[in-house]
There are 2 protein chains.
Amino acid sequence: MREELRQDEYELLARLAQRYYVDERTQEELAAEFALSRPKVQRLLERARRSGVVAIHIQAPPWLRLELESQLRETFGLSDAIVCSAGADQEAEREAVAQRAARYLERHLHDGCVVAVSHGRTVGAVPRFFRPPSRLDVTFVSAMGGSPGVAAPTNPNEICRALAAGCGGEAVSLYAPAYVESGEIRDQLLAQEAISQSLDRAAQATVALVGIGGTDDGCTMVRSGCLTTDEIAWLRSQGAVGDVLGNYVDIEGRPVASPHQDRLVALTVDHLRRIGTVVAVVSEPEKPRAILGMLRAGVISVLVVDEDNARAVLDLAAGGPAMAGRAGGGSSASQREV
Amino acid sequence: MREELRQDEYELLARLAQRYYVDERTQEELAAEFALSRPKVQRLLERARRSGVVAIHIQAPPWLRLELESQLRETFGLSDAIVCSAGADQEAEREAVAQRAARYLERHLHDGCVVAVSHGRTVGAVPRFFRPPSRLDVTFVSAMGGSPGVAAPTNPNEICRALAAGCGGEAVSLYAPAYVESGEIRDQLLAQEAISQSLDRAAQATVALVGIGGTDDGCTMVRSGCLTTDEIAWLRSQGAVGDVLGNYVDIEGRPVASPHQDRLVALTVDHLRRIGTVVAVVSEPEKPRAILGMLRAGVISVLVVDEDNARAVLDLAAGGPAMAGRAGGGSSASQREV
DNA sequence: TGCGCAAGTGAGCATTTGCTCACCAGGTGA
DNA sequence: TCACCTGGTGAGCAAATGCTCACTTGCGCA
């Protein structure tokens, strides 16, 4: 809300702002020159900023989407958001998102970190770009079991191995399927020390790297054989919009309980809540609802996402329809406004 | 000098700037998030400002000339400069300059101040606008004698009286002519206690309000009868470009000695140098050389001037020809650049 | 006219930012 | 390979700005 200014006030704000920002005078100096108190000058300068008399523009590289990122951070309380500008095709967008996620990890991981890793095509693309400048003593742990129904680079164990290879770290595999026939079988598996140890290790991780799945018939949970198309249809009918590690939530971020849950060998949403930094990567199209649901669940700290999904999520969150079209590149100069 | 940035550096600067200026994060927070030291973040942000990645614009009222003012202050080491946007005619410009000067005085004078006042048409217009919100116990003293050859509102005594009337202060008149026939007569006048006391009072002033005169045949010193047209022509031939209180300087601000000097009843340039704040007001056209000379003399602290003269002075100071034409209004949004 | 409330104000302290300085790292030339 | 120079760096202190709080001022209402 821009506040209205009386003319003489407008003029005073402009003069003070000019002296402060352009002439680089201190508030104390301006206070003396304008016969005001220093706190008064501070307040007037703040007013100048709030009212738009002072406009701060960031002239960013055109491929950045800093405004979108700021909006995501602010709207969802994320500690970071990284939006990748639109790529040539689906594969290019996946690579861009994976590259950004790899860069994020390179910058934030340090010796001793433990990273829990989920399945997913975009997550699976991250190791391709993960090359820290120096060796990192980091442990990568599978956060869910494996699925023979999808390609190896999509499986957590393979992703962990590739990430560890990229930095000279260590991979801890979870030698179990992502999904079993019954809860009893799952309990028997978890009773095996090697498996429960791995999962405990993942649960104690400092960072998690996860994908966000949708609820369409072609989602990873269906492709990997964890769920049937009937089961995913049922989850949809219960309001489920997306999942992380097989944990489904509705559009408001509330968990959608389902009978398949106790057959999963994976970290739960409550586990994720206790991990310091949960990095979610998404590049497939038509996932704004899934992203929004997971963001509202409040377990994600960092979102690395393609531009279309980012815009659509913000639109959805603001109560509008998801924008399907491209919003056009243009400059990303941002403006300080309220 | 804009510095060149490597692409990854450019991107980092932009990201940091966005987080700092738009998201309003502290340098400490950013240091943690980007795995940098806090001083490093400070340096990068400064770099972002210097390089233009961060651009700060002041959206000023269109009638202000903040950029011009900043340039004047910086070029001439003024403690303040106030430029009045072009008026409808000569009279309107004089009123605008006088009004700004009155405003300046209202804000800067306080009880106990002593203001030494010169002659001049623009100076004479100031009392018309001088209306402080509350009574000011200020003394206004004539800094030079009077001249029957010019209208009463141009004479220092009358100006002092009017200013004092405007704020409930006191006027101290100098009952002497501005100019006498010989140095002996001047010495006799100064031997009179009332006159020397008044001049001493003026010399001890905290503020001076003066006009800047030119060296054309129609200048105030000629019109008032202080100088003949021959004398002013001679001063021109000696390089004189302008005066304050009858003290002439050349284009570099060096005093131009002349025989008429010891016949003046007025403060000298050395007196002015000892006054804390010397406010000069100019509104007549074609005075850039006079203004430049006086500014270079270094006795002026505050310049209140019309827009055309302001531009012309800066142009002259930069070594270019004085611009005679109007530069066109437009927005005065300023930009932080190096 | 008096009272109550909201907004404004400056003193003073807390926090953030700017800057100095000793040290380190990298590059260059002998 | 070594010495020297330049630029970068973080520790730590100085300076500037942000913010809390007690008090004041101005406005609206009875």
Side-chain angles (χ1 to χ4, degrees), chain A residues 1-56 58 79 106-108 110-111 132-135 336 338, chain B residues 1-56 58 70 79 106-108 110-111 132-135 336-338:
Chain A
M1 171 55 78
R2 287 286 167 87
E3 51 181 303
E4 301 282 314
L5 298 170
R6 292 191 339 256
Q7 180 164 314
D8 57 332
E9 194 167 41
Y10 180 20
E11 191 168 314
L12 176 62
L13 292 193
R15 285 194 178 282
L16 282 173
Q18 178 79 7
R19 303 295 289 276
Y20 185 73
Y21 286 102
V22 179
D23 297 359
E24 297 186 358
R25 293 288 165 83
T26 64
Q27 292 179 4
E28 195 78 60
E29 287 173 334
L30 294 180
E33 290 176 27
F34 286 80
L36 304 165
S37 68
R38 204 276 300 164
K40 176 79 176 185
V41 168
Q42 190 259 319
R43 289 186 178 115
L44 289 168
L45 287 173
E46 180 172 346
R47 202 151 180 216
R49 290 193 295 273
R50 295 274 171 246
S51 66
V53 171
V54 175
I56 299 179
I58 313 297
S79 58
E106 281 165 12
R107 224 169 43 231
H108 286 83
H110 52 267
D111 290 353
S134 54
R135 187 179 175 281
R336 186 190 186 99
V338 278
Chain B
M1 171 53 84
R2 286 285 168 86
E3 51 180 306
E4 302 279 318
L5 299 169
R6 292 191 337 256
Q7 180 166 314
D8 58 329
E9 194 165 44
Y10 180 21
E11 191 169 312
L12 176 61
L13 291 194
R15 285 195 178 280
L16 282 173
Q18 178 80 6
R19 302 296 289 276
Y20 185 72
Y21 286 102
V22 179
D23 297 1
E24 297 185 358
R25 293 289 166 82
T26 65
Q27 292 178 4
E28 195 78 58
E29 289 173 330
L30 294 181
E33 290 174 24
F34 286 80
L36 303 166
S37 68
R38 203 276 300 164
K40 177 78 177 186
V41 170
Q42 189 257 317
R43 288 184 180 119
L44 289 169
L45 287 173
E46 178 169 349
R47 202 152 181 211
R49 291 193 294 273
R50 295 273 170 248
S51 66
V53 170
V54 175
I56 300 181
I58 313 298
S70 285
S79 58
E106 281 166 11
R107 223 173 38 234
H108 286 83
H110 51 266
D111 289 351
S134 54
R135 186 177 174 279
R336 184 186 189 103
E337 290 184 319
V338 280

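Computed from heavy atoms alone, side chains included, the values below leave out hydrogens, waters and symmetry copies. Values in this document were obtained by computation on a predicted structure and should not be read as measured data. Just so we're on the same page: letters track the sequence lines, and every chain starts at 1.
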Might you point out which heavy atoms bring Ile56(B) and Val54(A) nearest each other, and give the distance in Å?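 Answer, listing the atom of Ile56(B) first, then Val54(A): CG2-CG1, 3.9 Å.
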For the pair made of [atom1] in [X] and [atom2] in [N], what is the distance, rounded to whole Å?
X        : N       : atom1 : atom2 : result
Glu24(A) : dT17(D) : CD    : C1'   : 16 Å
Glu46(A) : dC19(D) : CD    : C1'   : 10 Å
Glu29(B) : dT15(C) : CD    : P     : 13 Å
Glu28(A) : dG18(C) : CD    : C1'   : 16 Å
Arg47(B) : dG18(C) : CZ    : C1'   : 18 Å

To the closest 0.5 Å, what do you measure between CD (Gln7(A)) and CG (Leu12(A))?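 Rounded to the nearest 0.5 Å, the CD-CG separation comes to 12.5 Å.
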Distance (rounded to the nearest 0.5 Å) between Leu30(B) CG and Leu44(B) CG: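 The CG atom of Leu44(B) is 10.0 Å from CG of Leu30(B), to the nearest 0.5 Å.
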Salt bridge (charged side-chain N to carboxylate O under 4.0 Å, His left out): pairs with one or both residues in residues 36-45 of chain B, sequence neighbours excluded: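 Passing the test, one end in residues 36-45 of chain B: no pairs.
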Which nucleotide in dG18(C), dT16(C), dT17(D) has an atom nearest any side-chain atom of Gln27(B):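 Selected nucleotide (nearest to the side chain): dG18(C).
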Side chains of Arg49(B) and Tyr21(A): is there a donor and an acceptor less than 3.5 Å apart?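 Note: Arg49(B) and Tyr21(A) side chains miss the donor-acceptor criterion.
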Looking only at side chains, do Ser79(B) and Glu33(A) share a donor and an acceptor under 3.5 Å apart?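 Glu33(A) and Ser79(B) do not have a side-chain donor-acceptor pair below 3.5 Å.
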Side-chain N or O of Arg49(A) versus OP1/OP2 of dT17(D): is the shortest distance under 4.0 Å?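 No, no such contact exists.
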Any Tyr20(B) side-chain N or O less than 4.0 Å from OP1/OP2 of dT16(C):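 For Tyr20(B), the contact criterion (side-chain N or O under 4.0 Å from OP1 or OP2 of dT16(C)) is not met.
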Using a 4.0 Å cut-off on heavy atoms, which residues in residues 34-44 of chain A reach DNA chain D? List them by number, or say none.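 Heavy-atom cutoff 4.0 Å gives Arg38(A), Gln42(A), Arg43(A).
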